Visitor: 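Take a look at the following structure, please.
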Amino acid sequence: MGHYGYRLFLVRARDGMGRKNLDFGNIANKHFVDILHQDISDNIDETLKLEDPPKILENGSSAPPTGSVVRFTAIDRKELELRLDFFHGPFGEGGTLIDPEGEDDDQDVEGRALSNPYRAILWFPRKGTAGILAVEARGRACPYRRILASLKYIHSTTHRLFVEAGVADKAAVAHFIRNGVVRELEVTSHGTARDGDVLTDRVKMVVKISGASKLQEKMREKALQWANVQWKRLTNQDARRALAKELTTTAVGVTIPLDFDDSLLRIDGPNDRKRTLRPSRDVGEWIYDIADYRLDDDKWFAQVSASIAEIFPTIAASEGVVPPS
């Protein structure tokens, strides 16, 4: 069963390779959404070929070219929001298309791009330097970089969009926690053998958290503190142990005389989606999981747009931008 969702990215506009973040509301005496809407509209159904850097084989010869293609198939504007449908897929990897029913002949895809349909939203403020790019995810695949790379081929001006990693991910995680329910805390203690290897026997403790309780508020606050302050994964073992001890003491109410090595929180979020937060892992590539099947366009765009509208004020407050009314 597949998983479908989306990722959110903070985007900036810059002139060429310049480093100054520009005001979306005043680029070339226009709002940037006016420029981009026209540029994409002029290139609907055009195939944009994005080649990887050349590779050399072991025998010194050049490897066959590889890369991916992007083809925008539809664009719809809602004030300062652009809703995009597009195809994306790799080429140069070879392969064979096989009919599962065995009725049609096999098709060689050598030199062809095997593409999938995707959707995206570009969401801009009325004025200010921070916008949002939302891109559909199919499993772990999310071609956000390819979208921005393809736009470079169709821009009518020298202005470009750049992703600022982490900021929108951070807001999305906080939004998920704030609107979710912490169901369980799990902490684990691993024994260590004389040779330093982790023993197979371990101690695991699971604490159930009531949905409507003071403990729920405390655990949600702990999760938000970790997401907002300790954003990157905790690679230091002492830091992971300290956090596991803090979470355990908060959940149980007493100090347990055992050193736990790691912890995780199981959270039920909006739209009946469930996620596990592990401080030992980097959640910087946060996928907003929304369904086990691909939603139709109306539902997907409406749900993602509503999510952006909820999250953007948090970003706007720190970035000094004016959200669309």
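Along the sequence shown, residues carry numbers from 1. All of these numbers come straight from a predicted model, not from anything done at the bench.
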Visitor: Could you tell me which non-hydrogen atom of Val135 sits nearest to which non-hydrogen atom of Phe9, and how far apart they are?
Guide: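 The pair with the smallest heavy-atom distance is CG2-CE1, 4.4 Å.
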Visitor: So, for Ser68 and Phe91, which heavy atoms are closest and what is the spacing to 0.1 Å?
Guide: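 It is N-CE2, 3.2 Å.
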Visitor: Please answer whether the main-chain N or O of Trp123 pairs with a side-chain N or O of Glu81 as donor and acceptor at a distance below 3.5 Å.
Guide: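 Side chain of Glu81 to backbone of Trp123, a donor-acceptor pair under 3.5 Å: no, none is there.
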Visitor: Minimum heavy-atom separation for His31 to Pro125, with atom names?
Guide: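 Shortest heavy-atom separation between His31 and Pro125 comes out as NE2-O, 2.9 Å.
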Visitor: Do the side chains of Glu46 and Arg71 get nearer than 4.5 Å, heavy atoms only?
Guide: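 The answer is no, as the side chains (C-beta and beyond) never meet within the 4.5 Å cut-off.
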Visitor: So if you build clusters from Ile, Leu, Val, Met, Phe, Trp, Tyr with side-chain heavy-atom gaps below 4.5 Å, do Phe260 and Leu264 land together?
Guide: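 Not linked; separate clusters.
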Visitor: Report yes if the side chains of His88 and Ser115 come closer than 4.5 Å at any heavy-atom pair, otherwise no.
Guide: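 They are not in side-chain contact.
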Visitor: Of all the heavy-atom pairs spanning Ile27 and Ala13, show the shortest one and how long it is.
Guide: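 Nearest pair, atom of Ile27 first, then Ala13: CD1-CB, 3.7 Å.
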Visitor: May I ask whether Leu82 and Ile44 are part of the same hydrophobic cluster, defined by side-chain heavy atoms of I, L, V, M, F, W, Y residues being less than 4.5 angstrom apart, directly or through others?
Guide: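 Linked, Leu82 and Ile44 end up in one cluster.
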Visitor: When you check the gap from the basic side-chain N to the acidic O, do Glu136 and Arg138 get nearer than 4.0 Å?
Guide: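 Answer for the salt bridge query: no.
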Visitor: Is there a side-chain contact between Pro90 and Thr66 (heavy atoms, below 4.5 Å)?
Guide: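 Not in contact.
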Visitor: Using a 4.5 Å cut-off on heavy atoms from C-beta on, say whether the side chain of Arg126 contacts that of Leu80.
Guide: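 Touching, per the 4.5 Å side-chain cut-off.
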Visitor: Do you know which of Asp297, Asp85, Asp298 makes salt bridge (charged side-chain N to carboxylate O under 4.0 Å, His left out) with Arg119?
Guide: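 That would be Asp297.
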Visitor: Is Val206 reachable from Val203 through a run of hydrophobic residues whose side-chain heavy atoms are each under 4.5 Å from the next?
Guide: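 No, it is not one cluster - the side chains of Val203 and Val206 are not joined through contacts under 4.5 Å.
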Visitor: What I'd like to find out is whether the side chain of Leu84 reaches to under 4.5 Å of the side chain of Ile40, using heavy atoms alone.
Guide: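 With C-beta onward as the side chain, the pair touches.
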Visitor: For the residue pair Phe72 and Phe87, establish whether any side-chain heavy-atom pair is separated by less than 4.5 Å.
Guide: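 Phe72 vs Phe87: side chains apart.
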Visitor: Where do Ala120 and Phe86 come nearest, in terms of heavy atoms and distance?
Guide: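 Distance-wise, the nearest heavy atoms are CB-CE2, 3.9 Å.
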Visitor: When you check the gap from the basic side-chain N to the acidic O, do Arg266 and Glu186 get nearer than 4.0 Å?
Guide: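 Yes.
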Visitor: Salt bridge or not for Glu217 and Arg220, using N-O below 4.0 Å?
Guide: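 Here Glu217 pairs with Arg220 in a salt bridge, since their nearest N and O are under 4.0 Å apart.
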Visitor: Taking a hydrophobic cluster as the set of Ile, Leu, Val, Met, Phe, Trp and Tyr residues connected by side-chain heavy atoms closer than 4.5 Å, whether directly or through intermediates, do Tyr118 and Ile154 fall within one such cluster?
Guide: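 Same hydrophobic cluster.
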Visitor: Can any side-chain N or O of Asn21 pair as donor or acceptor with the backbone N or O of Thr129 at less than 3.5 Å?
Guide: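 Such a contact is absent between Asn21 side chain and Thr129 backbone.
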Visitor: Counting distance only, does the side-chain N/O of Ser305 pair as donor-acceptor with the main-chain N or O of Ala302 below 3.5 Å?
Guide: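 No, because the side chain of Ser305 does not come within donor-acceptor range (under 3.5 Å) of the backbone of Ala302.
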Visitor: Is it true that Arg77 and Asp34 make a salt bridge, defined as a side-chain N closer than 4.0 Å to a carboxylate O?
Guide: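 Salt bridge: yes.
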Visitor: Please check if the number of heavy atoms outside Asn29 that lie under 6.0 Å from its CG is greater than 12.
Guide: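 Not buried by this count: 12 neighbours or fewer within 6.0 Å.
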Visitor: Would you say Leu122 and Leu161 make side-chain contact, with heavy atoms under 4.5 Å?
Guide: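 Heavy-atom side-chain distance check passes, below 4.5 Å.
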Visitor: Between Asp23 and Lys127 (salt bridge meaning N to carboxylate O under 4.0 Å), is one present in this structure?
Guide: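 No salt bridge links Asp23 with Lys127.
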Visitor: So if you build clusters from Ile, Leu, Val, Met, Phe, Trp, Tyr with side-chain heavy-atom gaps below 4.5 Å, do Val11 and Met17 land together?
Guide: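 Different hydrophobic clusters.
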Visitor: Salt-bridged, Asp52 to Arg146, with N to O below 4.0 Å?
Guide: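 Arg146 and Asp52: salt-bridged.
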Visitor: Please indicate whether Asp296 has more than 12 foreign heavy atoms, meaning atoms of other residues, nucleotides or ligands, lying under 6.0 Å from its CG.
Guide: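 More than 12 within 6.0 Å, yes.
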Visitor: Tell me which one of Ile132, Leu133, Ile287, Ile121 satisfies side chain to side chain contact (heavy atoms under 4.5 Å, CB included) with Leu8.
Guide: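 Exactly one candidate clears the test, Ile132.
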Visitor: If we only count heavy atoms from C-beta on, is the Tyr144 to Val163 side-chain gap below 4.5 Å?
Guide: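 Yes, their side chains come closer than 4.5 Å.
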Visitor: Got a donor-acceptor contact below 3.5 angstrom from the Arg160 side chain to the Thr157 backbone?
Guide: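 Present.
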Visitor: Looking at Glu246, is its backbone amide N or carbonyl O close enough to the side chain of Thr249 to form a donor-acceptor pair, meaning the two atoms are under 3.5 Å apart?
Guide: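 No; zero donor-acceptor contacts below 3.5 Å.
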Visitor: Over all heavy atoms of both residues, which pair between Arg294 and Pro117 is shortest? Give the atoms and the distance, please.
Guide: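 Closest pair (atom of Arg294, atom of Pro117, distance): NH2-O, 3.3 Å.
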Visitor: Identify whether NZ of Lys or CZ of Arg in Arg12 sits under 6.0 Å from the centre of the six-membered ring of Phe162 and within 45° of that ring's axis.
Guide: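 Not flagged: Arg12 not positioned over aromatic ring of Phe162.
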